[in-house]
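First the structure, in the form of structure tokens, and then the observations on it.
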Amino acid sequence: MAASPEQPGPAGLLPLLDGAPEEVAPRLLGAVLRHGEVALRLTEVEAYAGEDDPGSHAYRGPTPRTEVMFGPAGRLYTYFSYGMHVCANVVVGHEGRAAAVLLRAGEVVEGHDVARARRPRSSERDLTRGPARLCQALAITLEHGGSDLVAGPVTLEPGPAPEHWESGPRVGLRGAPERPWRFWLPGEPSVSTYRPAAARPAPSTGPGGRR
DNA sequence: CCGCTGATATTCT
DNA sequence: GAATATCAGCGGG
């Protein structure tokens, strides 16, 4: 067979994760995250770096919690938020330098009824909108932290490179300089983007502009 | 649709 | 002890 630059399925993931987090993040839009019967197409992500990023968990160097962020690319970094919620990131870049992409929202493309059963009181709109809701719908827990996204059980398969995407400030951060490191696919009917907590002075827009 | 508020455990100072 | 990469539930338009 002819040598193909990109392998299909989860095996083609690693080349995509090589680079700065804000470069890798938009590439992941449209990729399919799968766990068991449920699969979703990523529609919103957020980039986080390490030492030079005050908004990152890894800003002050490695800790027991953030150790995975300093490891090799392609692993899942999960953390417990606000005493209640689990959120998931894909570790990117190179070992020794912390970087990750937070998975903020997606569109369910498989196992819709299973996802619904896990979030019975949720509206269709809120089924997988938001990082903690996304993890709940896919049954991703803290135990999946450090697991390999190529080997599974949670996998990420690259999709076609998105033609259009938008960017803006990250959500929920305080005390960090605003960087337009949130990326999303515009025009998703069932999965709209999270709004910033406060009005932005200058919401940096991607090609096409915000709203 | 919008805005507000309480809940709750881990993490680091 | 303070802060937190959040969400559900409530009220009003």
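Predicted model, so just to flag it, every value in this text is computed and none were measured. Sequence lines set the chain letters: A, B, ... in the order given, protein chains first and strands last, and positions in each chain run from 1.
Within 4.0 Å of Thr63(A), counting heavy atoms only, lie sugar-phosphate atoms of the nucleic acid but no base atom. Within the 4.0 angstrom heavy-atom criterion, only backbone atoms of the sugar-phosphate kind lie near Phe80(A); the bases stay farther away.
Contact annotation: Arg125(A) side-chain N/O to dC1(B) OP1/OP2 distance is under 4.0 Å. Note on Arg119(A): a side-chain N or O is less than 4.0 Å away from OP1 or OP2 of dA8(C). Taking 4.0 angstrom as the limit, Arg121(A) places a side-chain polar atom (N or O) nearer than this to OP1 or OP2 of dG9(C). Checking the phosphate oxygens (OP1, OP2) of dC7(C), no side-chain nitrogen or oxygen of His85(A) falls inside 4.0 Å.
Taking each heavy atom of Met69(A) and Ser56(A) in turn, the nearest pair found is CE-OG, 3.6 Å.
Both thresholds, 5.5 Å between centres and 30° between ring planes, are met by Tyr82(A) relative to the base of dT4(C), so the two rings are stacked.
Checking dG9(C), dA7(B), dC12(B) against the side-chain heavy atoms of Pro64(A) singles out dC12(B) as nearest.
One can place CE of Met84(A) at 12 Å from P of dT10(B), the figure rounded to the nearest angstrom. Protein atom OH of Tyr79(A) is 16 Å distant from nucleotide atom C1' of dC12(B), rounded to whole Å. Here dT11(B) presents its C1' atom at 15 Å from CD of Glu67(A), a figure rounded to the nearest Å. Whole-Å rounding puts the Tyr59(A) OH to dC12(B) C1' distance at 15 Å. Summarising the geometry, the separation between CZ on Arg179(A) and P on dA5(C) is reported as 15 Å, rounded to the nearest angstrom.
Nucleotide dA2(C) has dT11(B) as its partner under the Watson-Crick or G-U criteria, with both atom distances under 3.5 Å.
In terms of hydrophobic clustering, with Ile, Leu, Val, Met, Phe, Trp and Tyr side chains grouped at heavy-atom distances under 4.5 Å, Leu156(A) and Leu185(A) are assigned to a common cluster.
In this structure, Asp53(A) contributes its side chain and Tyr48(A) its backbone to no donor-acceptor pair below 3.5 Å.
Here the CD-CZ distance, from Glu157(A) to Arg41(A), works out to 14.0 Å after rounding to the nearest 0.5 Å. The distance from atom CG of Leu134(A) to atom CZ of Arg104(A), rounded to the nearest 0.5 Å, is 10.0 Å.
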